[in-house]
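Below, chain A is the first sequence line, B the second, and so on; all start at residue 1.
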Protein chains: 2
Amino acid sequence: MAKLTIQRQTILNLINASNQHWDADELARELIIRGHKIGIATVYRGLAALETDGLVNSVQLADKKRYERAVKKHHDHMVCTKCGSIEEFANDTIEALQKVVAHEKGFQMSGHQLILFGCCARCGQQS
Amino acid sequence: MAKLTIQRQTILNLINASNQHWDADELARELIIRGHKIGIATVYRGLAALETDGLVNSVQLADKKRYERAVKKHHDHMVCTKCGSIEEFANDTIEALQKVVAHEKGFQMSGHQLILFGCCARCGQQS
DNA sequence: GTGCGAACGATAACCATTATCGCTATCAAT
DNA sequence: ATTGATAGCGATAATGGTTATCGTTCGCAC
């Protein structure tokens, strides 16, 4: 359990107070706007530490990593390719089947990443 | 259908002749070793064109994109976090459930990415 | 043969992330 | 309270995969 410094608390507060999925740069900018003096490297280090300790979760997209508040229940993500919004979903059967598949191949699974790409309900209506 | 130039044929041949998952840099190095004069930008452009035309497939990992020969049947990937090897698997039920989940959320799914991380059978025995 | 558009090769630029380094805050022991 | 060790901080340089730029070349229609 790494040290929960002022800076890391500040990052954590911002993430917990929102439902967004933040990247490091967005977080740094927003914190500075709010009057906190914080370096970008500190944000990266802080996020890594917070994730290690299970205080935040992350989604690794192709281009960047995004962080969200930690929640009890595991879930995966749907990313809208139009507006970039991220929604969460959970499906126990998919989770279970992944383990079955891995086991069949003699693969000791330690994690997974499932992302659905497409057009979210909001964007779909507009088109 | 973009032009299938000599360079792109060369890339395609190399990918088709192997079961590896290549990244752009590996491909360029291997081609040069084999006596082909090809620029790294051409490899990137070629891979993008080949993928657009469905002649190769790709897996987007966190740090880089890897390309494999195109196969008829869609599949997902298991990545060994020790040796970096990539295995393929397919599970129709998982595929179907993804569509169900997306539909429930009013999400018009256009693609997905499922990667299982862990330790492959070979690495698991050694440890 | 000429013209044109697409692709090529070399290289610079981009951008998210990580490493470096000197400084500072924290905290336990004195 | 002072010291000393350690972890973290902030600024910035470096890294590394990918993309953009630009002048040149190739292939094909006319």
Looking at CD1 of B/Ile38 and CD1 of B/Ile32, how far apart are the two atoms once the value is rounded to the nearest 0.5 Å?
-> 8.0 Å
In whole Å, what is the span from the CD1 atom of A/Ile40 to the C1' atom of C/dT20?
-> 17 Å
Would you kindly give the CD-to-P distance between A/Glu51 and C/dT17, to the nearest whole Å?
-> 12 Å
Scan for salt bridge (charged side-chain N to carboxylate O under 4.0 Å, His left out) pairs involving residues 30-51 of chain A, sequence neighbours excluded, and state none if there are none.
-> A/Glu30-A/Arg34, A/Glu51-A/Lys65
Test item: B/Glu95 and B/His112 side chains (from C-beta on) under 4.5 Å apart, heavy atoms = yes
Indicate whether OP1 or OP2 belonging to D/dG10 is found under 4.0 Å from a side-chain N or O atom of A/Gln7.
-> yes
Name all residues meeting the salt bridge (charged side-chain N to carboxylate O under 4.0 Å, His left out) criterion together with A/Lys105; count only those two or more places apart in sequence or in a different chain, and write none if there are none.
-> none
Does A/Ser58 use its side chain to pair, donor to acceptor, with the backbone of A/Arg66 at less than 3.5 Å?
-> no
Going by number, which of residues 11-38 of chain B have a non-hydrogen atom under 4.0 Å from DNA chain C?
-> B/Lys37, B/Ile38
Interatomic spacing from OH in A/Tyr67 to CG in A/Leu12 - rounded to 0.5 Å = 13.0 Å
Inspect the contact between A/Asp92 and A/Lys73 and indicate whether a charged nitrogen and a carboxylate oxygen are less than 4.0 angstrom apart.
-> yes
Would you kindly give the OH-to-P distance between B/Tyr44 and D/dG16, to the nearest whole Å?
-> 13 Å
Using a heavy-atom cut-off of under 4.0 Å over every strand shown, decide if A/Ala2 touches base, sugar-phosphate, or nothing.
-> sugar-phosphate
Where along residues 57-68 of chain B does a heavy atom come under 4.0 Å from DNA chain D, residue by residue in number order?
-> B/Asp63, B/Lys64, B/Lys65
Mind calculating the distance between CG (A/Leu4) and P (C/dA25) to the nearest angstrom?
-> 18 Å
Applying ring pair (Phe, Tyr, Trp, His ring centres under 6.0 Å) to B/His77 and not counting sequence neighbours gives B/His21, B/His75
The contact string for nucleotides 20-30 of chain D, one letter per nucleotide 5' to 3', using protein heavy atoms under 4.0 Å with B, S and - for base, sugar-phosphate only and none, comes out as BB---------
Judged by atom type as modelled, is there a donor-acceptor pair below 3.5 Å linking the side chain of B/Asp23 to the main-chain atoms of B/Asp25?
-> yes
Base, sugar-phosphate alone, or nothing: which one does B/Thr5 contact when heavy atoms must sit under 4.0 Å apart?
-> sugar-phosphate
Can you measure from NE2 (B/His74) to CD (B/Glu88) and round to the nearest 0.5 angstrom?
-> 10.5 Å
Starting from the C-alpha separation in whole Å, work towards a yes-or-no answer on side-chain contact (heavy atoms from CB on, under 4.5 Å) for B/Arg69 and B/Asn19.
-> CA-CA 7 Å; B/Arg69 68 194 188 299; B/Asn19 289 324; 3.2 Å; yes
